[in-house]
There are 2 protein chains.
Amino acid sequence: MMQTDSASPPEPRKPLSRERVLRAALRLADDGGLSALSMRKVGAELGVEAMSLYNHIRNKEDIVAGITDLVAGEIDLPTPDFDWKGQMRTRSQSAHRVLMRHPWAAAQFQSGRTPGPQMMTYLDATLGCLMAVGFTPAQADHARNTIDNHIYGFTLQSLTRPTRVREISRQAKRALKDIPKASYPNLYRRTEDLANAADPEAEDFDFGLTLILDGLDALTRR
Amino acid sequence: MMQTDSASPPEPRKPLSRERVLRAALRLADDGGLSALSMRKVGAELGVEAMSLYNHIRNKEDIVAGITDLVAGEIDLPTPDFDWKGQMRTRSQSAHRVLMRHPWAAAQFQSGRTPGPQMMTYLDATLGCLMAVGFTPAQADHARNTIDNHIYGFTLQSLTRPTRVREISRQAKRALKDIPKASYPNLYRRTEDLANAADPEAEDFDFGLTLILDGLDALTRR
DNA sequence: GCCTCCGCACTTACAGCGTACACCACATGA
DNA sequence: TCATGTGGTGTACGCTGTAAGTGCGGAGGC
């Protein structure tokens, strides 16, 4: 009789937990996108059947909400400060970086389902920073909204675009063939521009952001 | 022998076509969202089996791209005009209205897949309007991007929010119970504000839009 | 008129999805 | 020693997109 029992040691298998389920799900979503996230795959990742997960989470929606909140927790929080524009700028850049690490997350943030605790902390800190320098609650909310729309929109855009500078130019050149110059002259001209630019300004996240912050600044002075 | 043939007349059933498939799909998506859009349901809507659709469209992705372009065609195009801010404002409001009619579409617009002809026409007109008043191609693109991010973001926000003013206040009051005042003081204060506001300014789409347009205006004058 | 071809709808089938439900091993407390 | 409950498993249902093969009906060539 083989000692298969001792040959393959019991491997007591850490007990499942909401935490462990969410971690595994986050890993799957990060490489492969939300469409690669299935109950069966999360189970497999943990060496467990799909149905076992339901002892720790309500359903798939609960998982997505959970990992979205995990991501929210990675963003650097702004603090009340005289230099509120600087605070908003760094928090925006932090959020952008985080969302680029988790490409599936930006769409979730934007859809704005019922936020988890980390997301609420993040919202609260942002509102707090703005209200501390004189924004009314309503103004602060509008400001935050405008800034966030920019962050999410820009990030989603960046995720589609090819990353490397060289690639942008190459892709622009290829796109030119598909754009009938006669039908879309302006689009053509812009793409032409992109194709020829030596250094297509890669990161002008700041373009829109500065626009918005300066606009808000003008409002507070009014 | 019953004359079932003449009793239920042949009903020659208009032939399928890409156009008819997309129309049916658009109807389904509009009431029920993208998740209510399945090949079998589109087929049923047309009195046809699911697989028959594949004679006219490549796959489901093709359908979604198709109806997204249909929606893009509904937006009023800007025209070159000295009052470019007015043009941008009306086109933004038009886009917002259209996207509210097709709640599933905003996310598609934002994801920015390979655009269809109507979408390209729309992009081209916008770029053209901006370049006509002196924006460089790159500037025009950045401007359009910033404006569009605001449109899409705000629209997605509006779609989550309850429509009627009364409802907003009611929901804010309910939300207050779920917000621990101690943990999220600023969020609490803003929600409190919303709950008590007699007329929570429903439509301040213009808040952020004006911010952005004025910012762009300042750039052109520089 | 007949034959042949082909466009287009139909049928069947498969792999994958979320999850309801029944079952059972095992640890715990009485 | 037995009841109880916690947390895993197995099976099953209805749904999804779509690959592959079938067959009907009308159009074009002789």
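Note: hydrogens, waters and symmetry copies are ignored here, and every other heavy atom, side chains too, is used. Sequence lines set the chain letters: A, B, ... in the order given, protein chains first and strands last, and positions in each chain run from 1. Predicted model, so just to flag it, every value in this text is computed and none were measured.
The side chain of B:S52 has C:dC10 as its nearest neighbour among D:dG8, C:dC10, C:dT19. If you check C:dG18, D:dT18, C:dT19 against the side chain of A:S38, the one that comes closest is C:dG18.
Taking atom CG on B:L16 and atom C1' on C:dC8, their separation rounds to 9 Å, with Å as the unit. Atom C1' of nucleotide C:dC17 and atom NZ of B:K60 are separated by 12 Å, given to the nearest angstrom. Residue B:L34 contributes atom CG, which lies 15 Å from atom C1' of D:dG17 at whole-angstrom precision. Atom NE2 in B:H56 sits roughly 13 Å away from atom C1' in C:dC10 (whole-Å rounding). Straight-line distance from the CE atom of B:M51 to the P atom of C:dT11: 12 Å, rounded to whole Å. Between the P atom of D:dA12 and the CD atom of A:E49 lies a distance of 15 Å, rounded to the nearest Å. Rounded to whole angstrom, the span from the CD atom of B:E61 across to the P atom of D:dG17 amounts to 13 Å. Following rounding to the nearest Å, A:K41 (NZ) and C:dG18 (C1') show an atom-to-atom distance of 13 Å.
Comment: A:D141 does not engage B:R189 in a salt bridge, judged by the lack of any side-chain N to carboxylate O separation of less than 4.0 angstrom. Between B:R23 and B:E19 there is a salt bridge, with a side-chain nitrogen of the basic residue lying less than 4.0 Å from a carboxylate oxygen of the acidic one.
Heavy atoms of other residues, nucleotides or ligands lying less than 6.0 angstrom from CZ of A:R144 number more than 12. Within a 6.0 Å sphere centred on CZ of B:R101, other residues, nucleotides and ligands contribute more than 12 heavy atoms.
Residue-to-nucleotide contacts include a donor-acceptor pair under 3.5 Å from the side chain of A:N55 to the base of D:dG8.
Nearer the 5' end of DNA chain D, as judged by each residue's closest nucleotide, is the contact made by A:L53, out of A:L53 and A:R40.
B:L37 comes within 4.0 angstrom of sugar-phosphate atoms only, judged by non-hydrogen atoms across all strands, and of no base.
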